Amino acid sequence: MPDTKDLQQALLGWFDAHARTLPWRAGAEGARDPYRVWVSEVLLQQTQVARGLVYFERFLAAFPTVQALADAPEADVLKAWEGCGYYARARNLHRAAKRVAAQGFPASYDAWRALPGVGPYTAAAVSSLTLNEPRAVMDGNVRRVMARLHAERTPTDAWAQARADELLDHARPGAWNEAVMDLGATVCIPKAPRCGACPVSAHCAAFASGQPAQYPAPKVRAEARAVQAVAVLIGDAQRAYLEVRSGRLLGGLMGLPMQEADGGDVPGALAALLARLGARDPRPLGVVTHGMTHRHLTVHVYAAHAPHALTDTGAAALARLDQKLLALAEPTQGTLFT
DNA sequence: AAGCCGGGGTT
DNA sequence: AACCCAGGCTT
């Protein structure tokens with residue numbers, strides 16, 4: 001591509017003037033603190049920067065070093081991750097920290113890629129930012145920027161990675177990667193790109209087309225499945241019987257006993273759940289709806305009695321779903337507005 | 001290649 | 001309420 005040098009110079013010049021100041025960007029370019037960069041990149045998978053900032057500070061306060069993380073019980077790690085979602089990220093980060101604490105930080109892209117929870121994106125980010133290794137990151141921001149530069153409506157992963165590889169500035173790979181992602185996050189945004197503020201609009205085929213937001217075409221998404229379930233509260237909002245969730249959904253976190261209602265058979269699911277718990281005297285508390293990417297949960301919550309040990313709910317790592325379920329049990333303090 | 005895994009923001 | 005966003009792992 002003839003104008004690659006111009007494009008690189010324009011974008012890096014913009015980045016040098018407008019880079020976001022973020023707590024994981026401390027340290028020399030190409031030689032950043034690997035622990036902070038790694039934690040931030042895992043945290044920022046599927047999480048926007050504004051929200052990631054809160055979790056980053058909380059996580060670093062709880063586990064200031066990779067050794068501290070490796071030494072912590074998994075329950076403590078999940079507690080620090082509570083509410084952030086995709087909890088496999090936290091469990092993989094914890095497993096990987098044990099390896100890093102024993103063997104030292106990986107010294108290459110390939111070594112990073114071998115850690116659990118580190119895929120092509122995270123390995124490229126960490127190896128470029130901390131080792132100055134020339135690896136082009138490819139995430140949602142980069143895919144969108146590449147699609148627009150080339151006016152490509154349907155960029156595949158392989159195509160976008162190849163375009164990112166072509167443009168990578170090998171002299172400053174870390175800064176380049178941050179620059180492309182900052183551009184995608186703050187200027188080349190999905191809905192209404194701010195082309196007037198873009199340092200590379202002169203190189204952009206989508207801008208030239210006059211319809212930059214048409215690139216890339218929106219992805220077809222699977223419809224969320226509606227799921228009915230019942231949950232049983234034994235105890236109250238502060239102390240309740242909690243189970244460790246197993247399986248893929250919210251696995252590893254604590255939560256109220258819950259039972260999916262196959263075919264929408266809520267009474268049947270309630271009966272089955274009460275029988276499993278040896279619980280009696282069910283009393284309806286309310287209904288909670290909770291959206292997750294691939295399903296829309298409607299949970300019918302009942303209070304009941306059973307001889308089970310109660311747990312301090314404030315100390316357990318709970319998903320947002322369970323925080324909503326427990327909120328139904330809060331004592332009614334509603335005299336102010338009645 | 002396709003489906004699964006949370007949660008929050010915007011409209 | 002409906003829609004948008006999105007990396008890694010599993011199958």
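Everything numeric here is computed off the predicted structure, so don't read it as measured data. Proteins get letters first, then strands, A, B, ... in listed order; numbering begins at 1 in each.
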Interatomic distance where NZ belongs to K324(A) and P belongs to dG6(B) [whole Å]: 14 Å
Touch class at under 4.0 angstrom, heavy-atom based, for G251(A) against every strand present: nothing
Any R144(A) side-chain nitrogen or oxygen under 4.0 Å from OP1 or OP2 of dA6(C): yes
Atom-to-atom span, CE of M292(A) to P of dC4(C) - whole angstrom: 20 Å
side-chain hydrogen bond (donor to acceptor under 3.5 Å, both in side chains) assessment of Q45(A) paired with T122(A): CA-CA 9 Å; Q45(A) 294 167 9; T122(A) 303; 2.8 Å; yes
Closest nucleotide among dC5(B), dG8(C), dC4(C) to the K191(A) side chain: dC4(C)
Any R320(A) side-chain nitrogen or oxygen under 4.0 Å from OP1 or OP2 of dG8(B): yes
Side-chain donor/acceptor contact of Q46(A) with base of dG7(C) under 3.5 Å: yes
Touch class at under 4.0 angstrom, heavy-atom based, for R91(A) against every strand present: nothing
Parallel, tilted or perpendicular, as decided by the 30° and 60° cut-offs, for the rings of W112(A) and F105(A): tilted
Aromatic ring proximity, centroids under 6.0 angstrom, W176(A) and H170(A): no
dG8(C) and dG9(B), which share atom name P, separated by this distance in whole Å: 23 Å
Residues V118(A), W38(A); criterion side chain to side chain contact (heavy atoms under 4.5 Å, CB included); working and verdict: CA-CA 9 Å; V118(A) 178; W38(A) 177 28; 3.8 Å; yes
Under-4.0 Å side-chain N/O to phosphate OP1/OP2 contact, R51(A) with dG8(B): yes
Euclidean distance, atom CG of residue L43(A) to atom C1' of dG8(C) [Å, nearest integer]: 15 Å
d(NE2, H294(A); P, dT11(C)) in whole Å: 16 Å
Sugar-phosphate, base or nothing in reach of A319(A), heavy atoms under 4.0 Å: sugar-phosphate
Comparing R113(A) and T47(A) on DNA chain C - which has the more 5′ nearest nucleotide: T47(A)
dG7(C) versus dT10(B) - spacing of their C1' atoms, nearest Å: 22 Å
Pairwise C1' distance, dG3(B) and dA6(C) [rounded to whole Å]: 14 Å
dG7(B) phosphate, OP1 or OP2, under 4.0 Å from Y87(A) side-chain N/O: yes
Sugar-phosphate, base or nothing in reach of L44(A), heavy atoms under 4.0 Å: nothing
Minimum-distance nucleotide to N92(A) side chain [options: dC9(C), dA6(C), dG7(B)]: dC9(C)
Presence of R89(A) side-chain N/O under 4.0 Å of dG6(B) phosphate oxygens OP1/OP2: no
Short side-chain N/O contact to dA2(C) OP1/OP2 from H296(A), under 4.0 Å: no
Length of the line joining D322(A):CG and dG7(B):C1', which is rounded to integer Å: 14 Å
Sugar-phosphate only, base, or nothing, as touched by Y86(A) at under 4.0 Å among non-hydrogen atoms: base
N/O donor-acceptor pair, side chain T122(A) with base dG7(C), under 3.5 angstrom: no
Step-by-step ring pair (Phe, Tyr, Trp, His ring centres under 6.0 Å) determination, W81(A) to Y55(A): CA-CA 7 Å; W81(A) 207 270; Y55(A) 281 92; 7.3 Å; no
Spacing of the C1' atoms in dC9(C) and dG8(B) (rounded, Å): 23 Å
Lys NZ or Arg CZ of R135(A) over Y109(A) ring: under 6.0 Å, within 45°: yes
Test item: side-chain donor near acceptor, E152(A) and T154(A), under 3.5 Å: yes
Side chain of R248(A) (C-beta onward), nearest among dA6(C), dC4(B), dC4(C): dC4(B)
Closest-nucleotide ordering on DNA chain C, the 5'-leading residue of V118(A) and P190(A): P190(A)
